[in-house]
Novice: 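Dumping the structure here so I can ask a few things about it.
We number each residue from 1, following the sequence as shown.
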Amino acid sequence: MKSTTTMVTLLTIFLLSTSVSIAQKKFVTTPPDVSPMPMKPEMTEIWNPEVKTISPGKKNSDAPSDAIILFDGKNLDQWVSQRNKSKAAAWKIVNNDYMEVVPGTGGIETKLTFGDCQLHIEWSAPDSIEYGGQDRGNSGIFFQNRYELQVLDSYNNRTYANGQAGSIYKDHPPLVNAMRNPAEWNTYDIIYTAPRFKASGELDAPARITVLHNGVLVQNNATINGLTNYIGLHRYTTAHGEDVISLQDHSCKTQFRNIWIRRL
């Protein structure tokens, strides 16, 4: 009985002390009249690390000083055959200016591998127009050897929207058709963000791409929905890291020049 009385007494004391504590606590519901730490301009200034300085090209199409030159018209030393990586790229160089697809030799790919990057590439339709649709100046730029930005002569040449120039092939149509006529060169300036994968191999974040075609925005940070497939839906099948950039042989004598890349 004495033990029960003691427990009741202790519980009463605890409840009374808790009530007093709550009653004494002041709940603040309005901001203070004076900031506890007045802001100064220096508090929002970032000084270190200092931003790296590079030299831009004289023209926007010229490679900046931190770019890797993938092709400048002199040789194909940065490329190999996609069919046999131990062999040199079999495309031809014309006038020490541009490379041209040799139909039937297969695609070519970079010796180096890349993930996030900025890529500049210039391309042109074949000198003579023989066919239409997907058979007119068809090629493609594959990031990480998987995700295709379409190259096609889409000047007065109707085809399916997600297969024309500037499209993420069989994925996203371009915002507009910004093609120049077949006698002129086209440019792509591309910002590519590689997909991210979890340690388990599951997709964490899909690839994204921004493309300017002849200075016109045609892909605005677009989500790439997966591996480029000619047939079937696009999806991410397996986790991967950096990989090569490849150019497609689609049996058209498509031409390329002034290719440079920056790692991001």
Novice: Taking only residues two or more places apart in sequence, or in another chain, which ones meet Tyr160 in a ring pair (Phe, Tyr, Trp, His ring centres under 6.0 Å)?
Specialist: none
Novice: Using the ring-ring contact (aromatic ring centres under 6.0 Å, His included) rule, collect all pairs that involve residues 219-239, keeping only residues at least two apart or in two chains.
Specialist: Tyr147-Tyr236
Novice: Enumerate donor-acceptor pairs with a distance under 3.5 Å from any side-chain N or O in residues 210-218 to protein atoms, sequence neighbours excluded.
Specialist:
{"unit_1": "Thr210", "atom_1": "OG1", "unit_2": "Asn221", "atom_2": "N", "d": "2.9"}
{"unit_1": "His213", "atom_1": "NE2", "unit_2": "Asn186", "atom_2": "OD1", "d": "3.2"}
{"unit_1": "Asn214", "atom_1": "OD1", "unit_2": "Arg180", "atom_2": "NH1", "d": "3.0"}
{"unit_1": "Asn214", "atom_1": "OD1", "unit_2": "Thr187", "atom_2": "N", "d": "2.9"}
{"unit_1": "Asn214", "atom_1": "ND2", "unit_2": "Ala178", "atom_2": "O", "d": "2.8"}
{"unit_1": "Asn214", "atom_1": "ND2", "unit_2": "Asn186", "atom_2": "OD1", "d": "2.8"}

Novice: List the residues meeting ring pair (Phe, Tyr, Trp, His ring centres under 6.0 Å) with Tyr98, not counting sequence neighbours, and say none if there are none.
Specialist: Trp185
Novice: Counting C-beta onward and ignoring hydrogens, is there a side-chain heavy-atom pair between Tyr192 and Leu119 closer than 4.5 Å?
Specialist: no
Novice: Cut-off 3.5 Å, side chains only: do Ser246 and Asn145 have a donor facing an acceptor?
Specialist: yes
Novice: List the atom of Val101, the atom of Cys252, and the distance in Å for their closest heavy-atom pair.
Specialist: CB-O, 3.2 Å
Novice: Who are the side chain to side chain contact (heavy atoms under 4.5 Å, CB included) partners of Gln164, not counting sequence neighbours?
Specialist: Ser154, Thr159, Ala161, Pro174, Asn177
Novice: With sequence neighbours excluded, what pairs up with Glu242 under the salt bridge (Lys or Arg N to Asp or Glu O under 4.0 Å) test?
Specialist: Arg263
Novice: With sequence neighbours excluded, what pairs up with Asp66 under the salt bridge (Lys or Arg N to Asp or Glu O under 4.0 Å) test?
Specialist: Arg262
Novice: With a cut-off of 6.0 Å (strictly less than), are more than 12 heavy atoms of other residues, nucleotides or ligands near CD of Glu50?
Specialist: no
Novice: Answer yes or no: is there a side-chain heavy-atom contact under 4.5 Å between Val80 and Ile108?
Specialist: no
Novice: Can you name the residues that form a salt bridge (Lys or Arg N to Asp or Glu O under 4.0 Å) with Asp62, not counting sequence neighbours?
Specialist: none
Novice: Taking all atoms of both residues into account, what is the closest heavy-atom pair of Ala194 and Gln144, and its distance?
Specialist: CB-OE1, 3.4 Å
Novice: For residues Glu100 and Trp91, report the shortest heavy-atom separation together with the two atoms involved.
Specialist: O-CB, 3.2 Å
Novice: I'd like to check the side chain to side chain contact (heavy atoms under 4.5 Å, CB included) partners of Asn60; sequence neighbours left out, ordered by chain and number.
Specialist: none
Novice: So, using ring pair (Phe, Tyr, Trp, His ring centres under 6.0 Å) as the criterion, who are the partners of His120 when residues are at least two apart?
Specialist: Trp260
Novice: Side-chain contact test, heavy atoms from C-beta onward, threshold under 4.5 Å: evaluate it for Asp153 versus Met179 and give yes or no.
Specialist: yes
Novice: Which residues satisfy the salt bridge (Lys or Arg N to Asp or Glu O under 4.0 Å) test with Arg196, sequence neighbours excluded?
Specialist: Asp116
Novice: Show your reasoning for whether side-chain contact (heavy atoms from CB on, under 4.5 Å) applies to Gln255 and Val94.
Specialist: CA-CA 9 Å; Gln255 301 159 353; Val94 181; over 6 Å; no
Novice: What do you reckon, is NZ of Lys253 surrounded by more than 12 foreign heavy atoms closer than 6.0 Å?
Specialist: no
Novice: When rounded to the nearest 0.5 angstrom, what distance separates CG in Asn220 from NE2 in His172?
Specialist: 11.5 Å
Novice: Sorted by first residue and then second, give each ring-ring contact (aromatic ring centres under 6.0 Å, His included) pair with at least one member in residues 43-83; sequence neighbours left out.
Specialist: none
Novice: Could you give the distance from OG (Ser61) to CD (Glu122), rounded to the nearest 0.5 Å?
Specialist: 5.5 Å
Novice: Can you say whether the rings of Trp123 and Tyr188 are parallel (under 30°), tilted (30 to 60°) or perpendicular (over 60°)?
Specialist: tilted
Novice: Check Asp249 against Gly107 and note the closest heavy-atom contact, atom names and distance.
Specialist: CB-N, 3.7 Å
Novice: If every non-hydrogen atom of Ser139 is compared with every non-hydrogen atom of Gln248, which pair is closest and at what distance?
Specialist: OG-O, 2.7 Å
Novice: Are the side chains of Thr228 and Asp171 in contact, using a 4.5 Å heavy-atom criterion?
Specialist: no
Novice: Do Phe114 and Ile245 have side chains that get closer than 4.5 Å, going by heavy atoms?
Specialist: yes
Novice: Measuring from Asn229:CG to Thr237:OG1, what's the distance to the nearest 0.5 Å?
Specialist: 8.5 Å
Novice: Below 4.5 Å, heavy atoms only, C-beta onward: do Asp97 and Arg257 meet side chain to side chain?
Specialist: yes
Novice: Compare every heavy atom of Gln78 with every heavy atom of Leu70, then report the nearest pair and how far apart it is.
Specialist: O-CB, 3.6 Å
Novice: Flag yes if more than 12 heavy atoms outside Ile54 fall under 6.0 Å of its CD1 atom; otherwise flag no.
Specialist: yes
